[in-house]
Amino acid sequence: MNFATRKLIFALLIVFLYPLSLFARPYFLVLSKDDLLNTPNSPDDSTQNDSPEWDEFGDSGSPQSEEELDPGSWRPIFEPDPFRPDLANNPDERYYSTVTKLIKSVSSGDTTLMDDAVSEIEESASRGLPHARSVLGFLYATGQMRKQNKAKAFTYHYFASEGGNMQSKMALAYTYSRQDMFDKAVKLYSELAEAAVNSFLISKDSPVIEPVRIHNGAEENKEALRKSRGEEDEDFQILEYQAQKGNSAAMYKIGLFYYFGLRGLRRDHAKALSWFLKALEKGEPRAMELLGEIYARGAGVERNYTKALEWLTLAAKQELYSAYNGMGYLYVKGYGVEKKNLTKAKEYFEKAADNEDAGGHYNLGVMYLKGIGVTRDVKLACQYFIVAANAGQPKAFYQLGKMFHTGVGLKKNLPRATVLYKLVAERGPWNSLSRWALESYLKGDMGKAFFLYSRMAELGYEVAQSNAAWILDKYGERSMCIGESGFCTDAERHQRAHSLWWQASEQGNEHAALLIGDAYYYGQGTERDYDRAAEAYKHARSQSNAQAMFNLGYMHEHGQGLPLDLHLAKRYYDQALEIDQAAKLPVTLALTSLWIRKNYADGFLTVLPTPTGS
């Protein structure tokens, strides 16, 4: 089916931006006719080339490694690459040595060692090292071994960002977005999203590696954790046994797990390559496409575009249509071929798109957006991007964000652009922090897990915010929470957890909003404040949380933080029951008590249950 027969109806289009998770609701982007612009298609249009790096087809050189995309990353500490120089020969050797010391200190609870590490970081920061400034910004933001100082944290992150540290850019972008300073947030998130896009695969879609939520409400999320135990997972061991017995599909799957670091496995490109080659020997055609990716990126092997094209061509002949995207990419960039060939690139992208491949729609959108080998057509480009976005293509989210950012094809809308960019940026290489934090948690190293989740939380990851808060609440002293001058007191832990839950609630985590309401209602870790408790419960209620509705009913019934209103109290109790039948008993008791209050207000002293805690 060609694209002409698949014209989109723009009256109402809903695009899922976030996968449905346990507590954070999915974000919906609703586009209407009013969002579309009659953008001129003339190549002289001044908005066409407002950014030389609008798309990945620009003359930006070869695909960059993750070390290049995320300078100062802690990857050499957690995932040392045998194909790259060790830390002793790394120009930032002292920085990595200090961070290693810092991580050991939070794992062991050695505050003397941590104080030494922080002093070394300060000394490196004073010499202008961006990565040391980034770490120091994190320590001041969270108040670890130094008095919490948001102004100093911002300053260190600002100069680290100017020096190229991407994680500080994430921290700054998140800070700006929380303050609705979208003009500043969108600029940083656009740079971060572009770096994230450059880390994605060139042919098939990269898997969405979402941070694992280690808790299910107040309980540990045992099922999700079971699937994240890597080589110790029973399912993985069964798969490995099948692979060793010659099952090609199992070999390919294990190769994927190692290549991307899925299911709690450490990423290991050498093992991935080994399993893909074994799968290929057994006749698994899907391995060809990944071998093309490996050679195109130089992941564990020397980069070789000629070999990449050979493997992708073989994969395409096996009707793996996403491989056509990789082939088209190589032709549009002129890698591994005699010269660029835009006609052939378009032909390959169309083959992928005609076979329902989202990447094909995306790549055609890029060509029409920039007029690369075709007559520029912004409307058609926008349609291609929307089809790709509806299929979950993250690169398409980036391009739609760019359109909202610049006002090309879509009306300029910085808040929407910020949300779209943030979605893509959170899939960048710095997302590895989540994998290392989870690995530490599964090993029982709560100090290291909390430290890594806290770092990620500062970058704006909602799951990391709730995970760090949950570790503080669940494990207390075992969290190795470090304050200004040593281990956190109970009050400091409560306050830090409160701050993390609050940030998570701002991003749609209804469980977090409920906990914030409870904290204000009961005065846990903060001053008792019924008004703010009601505000938090309303936030959770807006996400259809039955418990929050029950609590709002109680507060209306008693005039705590809300006007005394028995009719509204009954409405909230009824809504709680409609949403969750498990609330039948407490709702029945509350309604009975409410009936007594209304009919015998002067005859009985009624004692009602307090709001349900989380």
Under a 3.5 Å cutoff, is there a donor and acceptor pairing between the side chains of Asp445 and Ser440? no

Do side-chain atoms of Thr98 reach the backbone of Arg94 as a donor and acceptor pair under 3.5 angstrom? yes

Are Asp110 and Lys101 ion-paired here, with the side-chain N under 4.0 Å from a carboxylate O? no

Run through Tyr398, Phe397, Phe385 and flag the one making a ring pair (Phe, Tyr, Trp, His ring centres under 6.0 Å) with Tyr362. Phe385

Classify the ring geometry of Tyr95 against His131: parallel below 30°, tilted from 30° to 60°, perpendicular beyond 60°. tilted

Met181 backbone acceptor or donor facing Gln179 side chain under 3.5 Å: no

Say you draw a straight line from OG1 of Thr142 to OH of Tyr140; how long is it, rounded to the nearest 0.5 Å? 11.5 Å

Counterpart residues, salt bridge (Lys or Arg N to Asp or Glu O under 4.0 Å), relative to Glu223 (two or more places apart): Arg226, Lys227

Just verifying a value: how many Å separate Met170 CE and Asn165 CG, rounded to the nearest 0.5 Å? 11.5 Å

Does a side chain donor of either Ser466 or Arg213 reach within less than 3.5 Å of an acceptor in the other side chain? yes

Measure across Ala193 and Val424 and return the closest heavy-atom pair with its distance rounded to 0.1 Å. O-CG1, 3.8 Å

Would you please name every residue forming a salt bridge (Lys or Arg N to Asp or Glu O under 4.0 Å) with Arg455, sequence neighbours left out? Glu458

Does a donor on one side chain sit under 3.5 Å from an acceptor on the other, for Tyr176 and Asp183? no

What residues form a salt bridge (Lys or Arg N to Asp or Glu O under 4.0 Å) with Asp180, not counting sequence neighbours? none

Quick one: are Phe78 and Ile103 in side-chain contact, heavy atoms under 4.5 Å? yes

Relative to each other, are the rings of Tyr421 and His405 parallel, tilted or perpendicular (30° and 60° limits)? perpendicular

So how far is it from Asp473 CG to His494 NE2, rounded to the nearest 0.5 Å? 7.5 Å

d(Glu220 CD, Ile214 CD1) to nearest 0.5 Å is 7.5 Å

Of all residues at least two apart in sequence or in a different chain, which pass the salt bridge (Lys or Arg N to Asp or Glu O under 4.0 Å) check with Glu492? none

Show your reasoning for whether side-chain hydrogen bond (donor to acceptor under 3.5 Å, both in side chains) applies to Ser432 and Arg75. CA-CA 8 Å; Ser432 297; Arg75 184 171 290 102; 2.9 Å; yes

Which pairs pass disulfide bond (SG atoms under 2.5 Å apart) with one or both residues in residues 464-507, sequence neighbours excluded? Cys481-Cys488

List the steps, then state whether side-chain contact (heavy atoms from CB on, under 4.5 Å) holds for Val463 with Ser434. CA-CA 9 Å; Val463 173; Ser434 174; over 6 Å; no

Answer yes if the ring centres of Phe138 and Phe451 are under 6.0 angstrom apart, and no otherwise. yes

Indicate the ring-plane relationship of His269 and Tyr259, choosing parallel, tilted or perpendicular according to the 30° and 60° boundaries. tilted

Sequence neighbours excluded - disulfide bond (SG atoms under 2.5 Å apart) pairs with any residue from residues 96-180: none

Is the shortest side-chain N to carboxylate O distance from Asp233 to Arg263 below 4.0 Å? yes

Going by atom types alone, do Gln507 and Gln465 pair a side-chain donor with an acceptor below 3.5 Å? yes

His215 and its ring pair (Phe, Tyr, Trp, His ring centres under 6.0 Å) partner, picked from Trp501, Tyr475, Tyr441, Tyr453: Trp501

